[in-house]
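Note that the structure is predicted; figures quoted are calculated from it, not measured.
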Amino acid sequence: MSATTGTAPANAGAVPAPQVFAAVDIGASSGRVMLGRVSPSTGATLETVHRFSNGVVEYDGGLHWDFDALLAEVLKGLAAAASVTAGNDERITSIGIDTWAVDYGLVDASGELVSVPYSYRDDRSRSTVARVHAVIPPEKLYATTGLQFLQFNTIYQLAAEPTLDGLQALLIPDLIAFLLTGQRRTEATNASTTGLFDAVAGDWAVDFLDALGLPRNIFPPLIQPGETVGTLLPSVAERTGLAADTRVVAVGSHDTAAAVAAVPASAASGDFAYISSGTWSLVGVELDKPVLSEASRTANFTNERGVDGTIRYLRNVGGLWLLSECQRTWAAQGFNQSLPALLDAAAALPHGGPHINADDPAFTAPDNMPERIRAAVRHNGEVLADRPAAVVRCILDSLAAGYARTLADAERLTGRATSVVHVVGGGSQNRLLCQLTADATGKAVIAGPVEATALGNVLVQARAAGAVQGGLAELRQLVAAGTDLTRYD
């Protein structure tokens, strides 16, 4: 699969060869390594060179990431990227890494990973929330960090660790970068999801580290998107076939930060809202400064860093995890209807069916999602037919209703009206979900690009290398100019 964004050459003369960048883009259920070729005249093209699955595994009584397998797939993908570019007589300028947020690996002084990283879907931090709040009340936490309360936020996970003596926590993209370069850094957009980051100062909330008895150096120093982490270790260069001086560049390493950087908003669209739709749905607006009011805390909105110091003011809403988990259950039961067929059947059902609260923590863990959805509907005093199409329609209706509520809250809390909703990521391909979202919000929905996260990753690298110039508006102009977008009214 490939996606293209950019503009045609302004003249028929010789066009400089584009620079080539590798994007390691990993979500909670799958990952990919993509090549991005970028120049000011031709825009950006993406080529997928390696895809792989990702997911949690049960190990030692908990839910973990199979990190050894994950790293092996990253290295395999980078080797594939090296092979493709060598065959084209090209050279990869740099590598950028983005993943999901909050999770981490613990590394000792010698650089050894001392335990298998936990998944945020593990329940271990549930018992630590009260202990953390007894030391730092929720109101005080929010007034400093502006972070949405989720029981799996890094602050609660760290409180569950039996010991942190002599260890550092590296968030997953930073851990991968460390194993590629030997350099320890914490990228700022991901740092802002930990619950230990000052939303105004843009630095670690040292008082909170002290109050919780966490070492002040529990995280490596901060690095901003566009800065260089380091160059490849000799062993990594040998294994992948990449040049040893290939740089690893910090991007918006929280995948939502990368995706929002590639939202194809134009100045003509005025203030826009966005939905980064994938395993989770991240629904919000872009601001210049955080909103730290008590009303914002009560509404459970988060203030996370974006590229160029912007604030991603958003709320996590349930996502397509619900649908993918249902499909997994149905496949195990012998029902293998394709997703397009399921969506067509769901679209044929009448409006007004039952809804669930799609971001209820009851849906966080895997296992028999269709029955858990039907149980939630029964709890609401309604009945959901025992047919896959009915379950799919319930999921999508519930997501669209959740998006509408969240956007209405965002407008109320920020005082900012929005005229258009940009849906990026995998959910932008779901025509039924996009139409239901337009209906529920009463706003135009612009769907695409699908690979927004990888595009944002590549464009931040490209700007750092001088392949393109300008701020977020200019990067987004490149995306809008060359992406096939679909509008829903």
Side-chain angles (χ1 to χ4, degrees), residues 19-27 31-36 49-52 54 65-86 91-101 103-114 116-117 168-191 219-255 257-258 453-454 456-458 460-462 464-465:
Q19 292 192 48
V20 186
F21 306 91
V24 178
D25 173 26
I26 309 175
R32 71 228 78 194
V33 176
M34 306 186 83
L35 288 174
V49 296
H50 184 55
R51 286 188 181 272
F52 52 92
N54 185 34
W65 299 107
D66 189 352
F67 189 77
D68 287 345
L70 193 63
L71 182 63
E73 294 289 357
V74 169
L75 293 171
K76 188 185 298 184
L78 291 176
S83 177
V84 168
T85 51
R91 175 189 167 97
I92 293 175
T93 301
S94 63
I95 301 164
I97 304 160
D98 68 78
T99 79
W100 67 97
D103 290 340
Y104 58 87
L106 294 174
V107 176
D108 65 17
S110 69
E112 290 295 316
L113 184 63
V114 301
V116 182
Q168 272 192 318
L170 276 72
L171 299 169
I172 297 297
D174 303 319
L175 179 60
I176 295 172
F178 166 65
L179 295 173
L180 295 182
T181 67
Q183 300 299 313
R184 305 187 192 200
R185 297 291 185 272
T186 308
E187 190 277 317
T189 68
N190 223 3
F219 295 105
L222 291 168
I223 190 170
Q224 301 296 324
E227 295 181 354
T228 298
V229 178
T231 55
L232 296 181
L233 292 167
S235 59
V236 173
E238 182 178 2
R239 182 167 173 177
T240 60
L242 290 167
D245 62 350
T246 303
R247 293 180 299 127
V248 174
V249 170
V251 293
S253 72
H254 182 190
D255 50 11
T453 306
N457 179 322
V458 165
V460 169
Q461 292 185 69

### Query
Tell me, do Leu179 and Val74 make a side-chain contact under 4.5 Å, heavy atoms counted?
no
#### Entry: Any side-chain heavy-atom pair of Leu175 and Tyr104 under 4.5 Å
no
#### Entry: Residue of the set Val229, Thr228, Val248 for which side-chain contact (heavy atoms from CB on, under 4.5 Å) holds with Gln183
Val229
Return a table of donor-acceptor pairs under 3.5 angstrom between the side chains of residues 93-101 and protein atoms on other chains or two or more places apart.
{"residue": "Thr93", "atom": "OG1", "partner": "Gln19", "partner atom": "OE1", "Å": "3.2"}
{"residue": "Thr93", "atom": "OG1", "partner": "Val20", "partner atom": "O", "Å": "3.4"}
{"residue": "Ser94", "atom": "OG", "partner": "Gln461", "partner atom": "OE1", "Å": "2.6"}
{"residue": "Asp98", "atom": "OD2", "partner": "Asn457", "partner atom": "ND2", "Å": "2.9"}
{"residue": "Trp100", "atom": "NE1", "partner": "Asp103", "partner atom": "OD2", "Å": "3.1"}

### Message
Can you list everything that forms a side chain to side chain contact (heavy atoms under 4.5 Å, CB included) with Gln168? Sequence neighbours excluded, please.
### Response
Leu170, Arg184, Asn217, Pro220
### Query
By side chain to side chain contact (heavy atoms under 4.5 Å, CB included), which residues pair with Val460, not counting sequence neighbours?
Pro225, Val251, Val307
### Task
Verify, without hydrogens or angle tests, whether Asp255 (side chain) and Asp25 (backbone) share a donor-acceptor contact under 3.5 angstrom.
no
### Task
Using the test salt bridge (charged side-chain N to carboxylate O under 4.0 Å, His left out), find all partners of Arg247 that sit at least two apart in sequence or belong to another chain.
none
### Query
Partners of Arg91 by salt bridge (charged side-chain N to carboxylate O under 4.0 Å, His left out), sequence neighbours excluded?
Asp245
#### Entry: Nearest atoms (heavy-atom pairs only) where Ala191 meets Leu171
N-CD1, 4.0 Å
Using residues 230-240 as the side-chain source, report each donor-acceptor pair under 3.5 Å to any protein atom, sequence neighbours left out, with the distance given to one decimal.
{"residue": "Thr240", "atom": "OG1", "partner": "Val236", "partner atom": "O", "Å": "2.8"}
{"residue": "Thr240", "atom": "OG1", "partner": "Leu242", "partner atom": "N", "Å": "3.3"}

### Under the ring-ring contact (aromatic ring centres under 6.0 Å, His included) test, residues paired with Phe219 that sit two or more places apart
Trp204
### For Ser253, all residues meeting side chain to side chain donor-acceptor pair (under 3.5 Å), sequence neighbours excluded
Glu187
